[in-house]
Number of protein chains: 2
Amino acid sequence: MQKFRDKGLKLTPQRLAIMEYLDGNRNHPSADDIYSKIRKIYPMMSFATVYNTLETLKKRGDVVEITIDPERRHYDTDTSHHHHLICKKCKKIKDIHRDFSINIPEDQKGAFEVLGNHVEFYGVCPTCNTKGE
Amino acid sequence: MQKFRDKGLKLTPQRLAIMEYLDGNRNHPSADDIYSKIRKIYPMMSFATVYNTLETLKKRGDVVEITIDPERRHYDTDTSHHHHLICKKCKKIKDIHRDFSINIPEDQKGAFEVLGNHVEFYGVCPTCNTKGE
DNA sequence: TCTAATATGATAATCTTTATCTAATTAGAA
DNA sequence: TTCTAATTAGATAAAGATTATCATATTAGA
Ligand SMILES: [Mn+2]
Ligand SMILES: [Mn+2]
Ligand SMILES: [Zn+2]
Ligand SMILES: [Zn+2]
């Protein structure tokens, strides 16, 4: 938490609430997840502030945006290089920590400058599999 | 094209225009790409019909939805298993045909039923790299 | 030709995300 | 502690993408 007290980042109650919520959170929440949860405790929280803060944290590299759910964006506080497993039914996102050594064949890469990769595994989580039938 | 003339799919001029546009298209167009292009020739085309048709084609398995651009959904007529390379600047999407044998380590998979995977490579395409500087 | 089933498209509605702008707050200097 | 410049919050509007409604038009067959 203290790691935010620098680079001219002003600390406000709202930011602190968001950062506290995110700290150690491995659920890849959406903006709405964050807003809904926090407003219960801090009803003065605004949606705009959630987006503003996420934008700020993203720029600082404290949070990374995940494009894996077509419905909405999710945010990850684990900024290390890793991959994800998403449940097609409940959209729960799980981390996959493993360094797959995948590289694009030279003939397909051409002059494209490849900066990174992300593997999305998809399927059905144990919970949904049980409930389903 | 003739492959659509079955399973009770009614052929309308609008659908034919969309299918013709998609046939062999490797650009992973968005709904808007499709709509914008087609309306020049068929001004009677409606956005709703584009979405309706994409939904129909998706259900039939003739088209697959791609979640790689947080701004909008893209559609792929190549339904074989393959991966993508996206330019962070212009959002151009390129196919990567290669079967990476990636599997989730057992200890991380647990009881999760994994149905597939998709690798997203990202970087900067030659065009954007040149223009950029 | 007739008809049942299906599709179109105008329109409204919903949702997510971004933009604007003023009042309030923060951090740091004095 | 007080003051002030810079930043932030949040109400609100706006923008975009996608979905829902539903009356009208069209299609595929009988
Ligand atoms: Mn993660
Ligand atoms: Mn493709
Ligand atoms: Zn699930
Ligand atoms: Zn590019």
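Protein chains get the first letters and strands the later ones, always in sequence-line order, with residue 1 at the start of each.
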K.L.:
In whole angstrom, give the distance that lies between atom CE of M44(A) and atom C1' of dT8(D).
P.N.:
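Whole-Å distance recorded here is 15 Å.
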
K.L.:
Mind telling me whether F121(A) and F100(A) have parallel, tilted or perpendicular rings, with 30° and 60° as the class edges?
P.N.:
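Geometry flag for F121(A) against F100(A): tilted rings.
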
K.L.:
L9(B) has an atom CG; how far is it from atom C1' of dT8(C), in whole Å?
P.N.:
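Going from CG in L9(B) over to C1' in dT8(C) covers 15 Å.
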
K.L.:
Determine all donor-acceptor pairs shorter than 3.5 Å in which one atom belongs to a side chain in residues 104-114 of chain A; sequence neighbours excluded.
P.N.:
{"from": "E106(A)", "atom 1": "OE2", "to": "K109(A)", "atom 2": "NZ", "distance (Å)": "3.3"}
{"from": "Q108(A)", "atom 1": "OE1", "to": "H97(B)", "atom 2": "N", "distance (Å)": "2.8"}
{"from": "Q108(A)", "atom 1": "NE2", "to": "H97(B)", "atom 2": "O", "distance (Å)": "2.7"}
{"from": "E113(A)", "atom 1": "OE1", "to": "N129(B)", "atom 2": "ND2", "distance (Å)": "3.0"}

K.L.:
Could you run down nucleotides 14-25 of chain D 5' to 3' and tag each one B, S or - for protein heavy-atom contact under 4.0 Å?
P.N.:
---SBB------

K.L.:
I want to check one thing: is the phosphate of dT8(C), taken as OP1 and OP2, less than 4.0 Å away from some side-chain N or O of T12(B)?
P.N.:
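Indeed, a polar side-chain atom of T12(B) lies that close.
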
K.L.:
Verify, without hydrogens or angle tests, whether H81(A) (side chain) and D99(A) (backbone) share a donor-acceptor contact under 3.5 angstrom.
P.N.:
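It does not hold such a pair.
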
K.L.:
Can you list everything that forms a side chain to side chain contact (heavy atoms under 4.5 Å, CB included) with R26(B)? Sequence neighbours excluded, please.
P.N.:
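Residues passing side chain to side chain contact (heavy atoms under 4.5 Å, CB included) with R26(B): T77(B), D78(B), D95(B).
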
K.L.:
With no hydrogens and no angle check, is any side-chain donor or acceptor of T49(B) less than 3.5 Å from a backbone partner on M45(B)?
P.N.:
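It does not hold such a pair.
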
K.L.:
Please check the phosphate of dA9(D) (OP1 and OP2 only) for any side-chain N or O of S46(A) closer than 4.0 Å.
P.N.:
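No, outside the criterion.
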
K.L.:
Which whole-number value in Å describes the distance from L54(B) CG to dT8(C) P?
P.N.:
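Computing the L54(B):CG to dT8(C):P distance gives 12 Å.
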
K.L.:
Please give, in whole Å, the distance from dG10(D) C1' to I38(A) CD1?
P.N.:
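Going from CD1 in I38(A) over to C1' in dG10(D) covers 15 Å.
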
K.L.:
Take atom CG of L57(B) and atom P of dA7(C), then tell me their distance rounded to the nearest Å.
P.N.:
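Taking atom P of dA7(C) as the reference, CG of L57(B) is at 11 Å.
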
K.L.:
To the nearest Å, how far apart are Y35(A) OH and dT17(C) P?
P.N.:
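Roughly 14 Å, once rounded to whole Å.
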
K.L.:
Looking at K91(A), I'd like to know if its NZ atom is crowded, meaning that more than 12 non-hydrogen atoms belonging to other residues, nucleotides or ligands lie closer than 6.0 Å.
P.N.:
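Yes - once you tally the heavy atoms of other residues, nucleotides and ligands closer than 6.0 Å, there are more than 12.
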
K.L.:
Does P13(B) reach a base, just sugar-phosphate, or nothing at all? Heavy atoms under 4.0 Å.
P.N.:
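Sugar-phosphate, backbone atoms only, no base.
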
K.L.:
Can you measure R39(A) atom CZ to dA9(D) atom P for me and round it to whole angstrom units?
P.N.:
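Going from CZ in R39(A) over to P in dA9(D) covers 17 Å.
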
K.L.:
Under the side chain to side chain contact (heavy atoms under 4.5 Å, CB included) test, which residues partner R72(B), sequence neighbours left out?
P.N.:
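R72(B) satisfies side chain to side chain contact (heavy atoms under 4.5 Å, CB included) with S30(B), D69(B), H74(B) once adjacent residues are dropped.
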
K.L.:
Which one, dA9(D), dT8(C), dA28(D), comes nearest to the side chain of L11(B)?
P.N.:
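Of dA9(D), dT8(C), dA28(D), dA28(D) is nearest to the side chain of L11(B).
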
K.L.:
Phosphate oxygens OP1/OP2 of dT8(D): is one of them under 4.0 Å from a side-chain N or O of Q14(A)?
P.N.:
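So the side chain of Q14(A) is outside the cut-off, no N or O lying under 4.0 Å from OP1 or OP2 of dT8(D).
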
K.L.:
By the 4.0 Å heavy-atom rule, please label T49(A) as base, sugar-phosphate, or nothing.
P.N.:
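Counting heavy atoms under 4.0 Å across all strands, the contact made by T49(A) includes a base.
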
K.L.:
State which residues pass side-chain hydrogen bond (donor to acceptor under 3.5 Å, both in side chains) with Y35(B); sequence neighbours excluded, sorted by chain then number.
P.N.:
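Only R39(B) meet the side-chain hydrogen bond (donor to acceptor under 3.5 Å, both in side chains) criterion with Y35(B).
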
K.L.:
Within the structure provided, determine whether N27(B) and D33(B) are in side-chain contact (heavy-atom separation under 4.5 Å).
P.N.:
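Side-chain contact under 4.5 Å: no.
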
K.L.:
For the helix from dT1(C)-dA30(D) to dA30(C)-dT1(D), figure out the bend between the end axes, five pairs an end, and round to 10 degrees.
P.N.:
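Between the first-five-pair axis and the last-five-pair axis there is 20°.
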
K.L.:
From dA5(C), dT7(D), dA9(D), pick the nucleotide closest to the side chain of K10(B)?
P.N.:
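For the K10(B) side chain, the nearest candidate turns out to be dA5(C).
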
